[in-house]
Amino acid sequence: MNAPIKAPGLVGVISGDTEVSTVGKEGLDLTYRGYSIRDLSAHATFEEVAHLLVHGSLPTTPQLSAYRDKLAGMRALPAGLKTTLEQLPPASHPMDVLRTGVSALGCMEPEGPEVRDSADRLIASFPSMLLYWHRFVQSGERIDETAPGEDTVAGHFLQLLHGTTPDPDHRRCLDVSLILYAEHEFNASTFAARVITSTRSDFHSAITGAIGALRGPLHGGANEAAMDLIGQFSSPEEADAGIREMLAARKLIMGFGHRVYKESDPRSDIIKEWSKKLSAGHERAHYYPVSEVIEKLMWDKKHLFPNADFYSATAYHYCGIPTPLFTPIFVMSRITGWTAHVIEERAAGKLIRPTGDYVGPQPTEWVPIEKR
Ligand code: ACO
């Protein structure tokens, strides 16, 4: 056995091998199975990336068409799941709705012999779960969750959200965002999924745990927190003053910084372009210059850069997506990366179980209950 290494937060620890992606490796882009995120976000659709991550290769044209048909055929929810969703309190956070939805589906349709089918079922049905619940609590409507006219995950989501055919720019912006969020090596939620998988637990348990980890504002929840931050300011000047005050008070500025990246997050510039494009003519167009001022100030004052969450926030806002649905979009995408890691972890087969340094009381004499 190797000598123990103490690394709070597991900073700098390499906990295993992966063939899925490269994050922050010297001289290498962010890549999914060798393909640069720049190429994927410029040329691919999310379904191609999902096929790459879940099924191991970029699809050919007939494979992509069959994959889209497969996913479209898996959108309908079991009646029991709809009943479960209807019973959740209207004030539930949508991340809790998805976490519950996966857990309930794991009881109704437990993992079978092919985990990739369970993964495809979740890729196809996350928008259905989320928006069936959202529309039900907003208006009492029981929508058709299958959105038959839309053949992509992005189109399915937007069609169910707005009840109309999506604007093509909004559809592509969301599609690009799904590509950017799909995979990121041993991040906290993926690691949570790997820990659960390493106990030889089932797929739905791993994904339920991963959603719980992603929900926090230091991880996926930062896109919602970034929107709340940007939304406070009505001009770039106000943002400049407000962020200076927050920094002086040593507050965290959400959507900035990263555990692995030290100079920039390659996903940020790509989604930033979409935020800029969609801001034109929008009634809250000022959010974009507000964001740019915050970006510049954070770099000048703290040498911190926007991560994937910062400009995603305004890009989503400009697509008419309510803020509480931002982090669930991350789930709709990251399910692909989580699945790739669940499959990889199963092959690795080693229980993940670190140890802790004990810093509690010294051995203490037992005190009977009547004497405490
Ligand atoms: N705002 C202000 N200061 C920051 C920020 C920030 N967003 N991020 C880091 N810092 C500061 C820390 O306060 C710390 O300063 P100190 O040395 O004076 O104490 C220093 O930079 C180092 O930061 P750590 O927290 O030690 O870095 P760590 O690697 O542990 O954390 C994290 C990374 C959690 C992402 C952090 O940068 C953060 O909290 N950012 C805001 C939340 C966020 O945007 N999360 C999204 C992550 S990306 C994703 O999930 C897609």
Side-chain angles (χ1 to χ4, degrees), residues 23-24 30 37 41 93-95 173-174 176-185 187-189 213-236 238-279 282 284-319 321-334:
V23 176
L30 167 59
I37 189 71
S41 61
H93 191 284
M95 285 295 276
C173 171
L174 186 58
V176 167
S177 165
L178 293 171
I179 293 170
L180 297 178
Y181 271 141
E183 160 55 17
H184 219 225
E185 202 221 42
N187 59 86
S189 57
L214 188 68
R215 185 192 197 290
L218 295 191
H219 192 7
N223 56 17
E224 293 177 32
M227 191 64 242
D228 293 341
L229 175 80
I230 296 162
Q232 291 170 29
F233 304 118
S234 52
S235 69
E238 217 181 85
D240 187 87
I243 298 294
R244 282 175 197 273
E245 265 176 41
M246 289 178 74
L247 289 178
R250 299 188 63 76
K251 290 198 175 143
L252 272 184
I253 309 301
M254 305 315 269
F256 285 83
H258 200 271
R259 171 61 64 79
V260 178
Y261 299 127
K262 294 301 163 214
E263 295 293 319
S264 66
D265 179 335
R267 301 167 295 180
S268 176
D269 280 350
I270 299 169
I271 199 66
K272 180 179 175 178
E273 276 306 306
W274 276 99
S275 174
K276 182 179 183 181
K277 179 177 160 97
L278 297 180
S279 70
H282 192 279
R284 296 206 182 85
H286 68 278
Y287 284 169
Y288 183 75
V290 159
S291 307
E292 280 199 312
V293 156
I294 300 175
E295 179 182 1
K296 180 169 183 334
L297 194 59
M298 287 301 284
W299 184 258
D300 292 348
K301 292 276 170 206
K302 300 279 293 183
H303 201 78
L304 285 172
F305 49 87
N307 57 49
D309 285 330
F310 188 65
Y311 283 101
S312 299
T314 41
Y316 292 164
H317 182 84
Y318 292 138
C319 292
I321 300 171
T323 305
L325 301 187
F326 288 6
T327 318
I329 295 174
F330 203 151
V331 174
M332 283 164 38
S333 161
R334 186 59 61 83

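A distance-only check finds a donor-acceptor pair linking the side chain of S333 to the backbone of A182 [under 3.5 Å]. In terms of modelled atom types and a separation under 3.5 Å, the side chain of D228 and the main chain of A226 share no donor-acceptor contact. Under the 3.5 Å distance criterion, the side-chain polar atoms of D265 are matched with a main-chain donor or acceptor of A308. Under a 3.5 Å cut-off, the side chain of E224 and the backbone N or O of T327 do form a donor-acceptor pair. Side chain of R334 to backbone of Y181: a donor-acceptor contact under 3.5 angstrom is found. Side-chain atoms of E185 do not come within 3.5 Å of backbone N or O of N187 as any donor-acceptor pair.
V260 and G24 make their closest contact through CG1-CA, 4.1 Å (heavy atoms, listed as atom of the first residue, atom of the second, distance). Closest non-hydrogen pair, C319 versus L278, comes out as SG-CD1, 3.7 Å. The two residues H93 and R215 come nearest to each other via the heavy atoms CB-NH2, 3.3 Å. Here the closest non-hydrogen pair linking P94 and P328 is CB-CG, 3.7 Å. Closest heavy-atom contact between T314 and S291: CG2-OG, 3.9 Å. For A222 against D309, the heavy-atom pair with the smallest separation is CB-OD2, 3.3 Å.
Scored by the side-chain contact (heavy atoms from CB on, under 4.5 Å) test, A188 finds H219 as partners (sequence neighbours excluded).
In this structure, the side chains of I321 and F326 come closer than 4.5 Å at one or more pairs of heavy atoms. Between F310 and I230, some side-chain heavy-atom pair lies under the 4.5 Å cut-off. L325 is not listed as a side-chain neighbour of Y316, based on a closest heavy-atom distance of 4.5 Å or more. Residues V293 and F233 form no side-chain contact, since every pair of their non-hydrogen atoms from C-beta on lies 4.5 Å or further apart. H303 is listed as a side-chain neighbour of E263, based on a closest heavy-atom distance under 4.5 Å.
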Fill in: From CA spacing to verdict: side-chain contact (heavy atoms from CB on, under 4.5 Å), H184, L30
CA-CA 8 Å; H184 219 225; L30 167 59; 3.7 Å; yes
Worksheet item: Taking it one step at a time, do Y288 and Y318 satisfy side-chain contact (heavy atoms from CB on, under 4.5 Å)?
Response: CA-CA 10 Å; Y288 183 75; Y318 292 138; 4.0 Å; yes
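K301 NZ: 12 or fewer foreign heavy atoms inside a 6.0 Å radius.
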Can you give me every donor-acceptor pair (side chain of residues 238-255, partner residue at least two apart or in another chain, under 3.5 Å) with its distance?
{"unit_1": "E238", "atom_1": "OE1", "unit_2": "S234", "atom_2": "N", "d": "3.1"}
{"unit_1": "E238", "atom_1": "OE2", "unit_2": "S234", "atom_2": "OG", "d": "2.8"}
{"unit_1": "D240", "atom_1": "OD2", "unit_2": "R244", "atom_2": "NE", "d": "2.8"}

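At a threshold of 4.0 Å, the pair K272-E292 counts as salt-bridged, since one of the basic side-chain nitrogens sits closer than that to a carboxylate oxygen.
Judged purely by distance below 3.5 Å, without hydrogens or angles, the side chains of Y287 and S279 never pair a donor atom with an acceptor atom. Looking only at atom types and distance, the side chain of Y311 has no donor-acceptor partner in the side chain of N223 under 3.5 Å away.
Taking OG of S268 as the reference point, atom CD of E273 lies at 10.5 Å (rounded to 0.5 Å). Here the CG atom belonging to N307 is positioned 12.5 Å from the CD1 atom belonging to I271, to the nearest 0.5 angstrom. The structure places OG of S41 at 5.5 Å from CG of L180, a figure rounded to the nearest 0.5 Å.
For an aromatic pair to be called close, the ring centres must be under 6.0 Å apart, and F305 with Y261 fails this.
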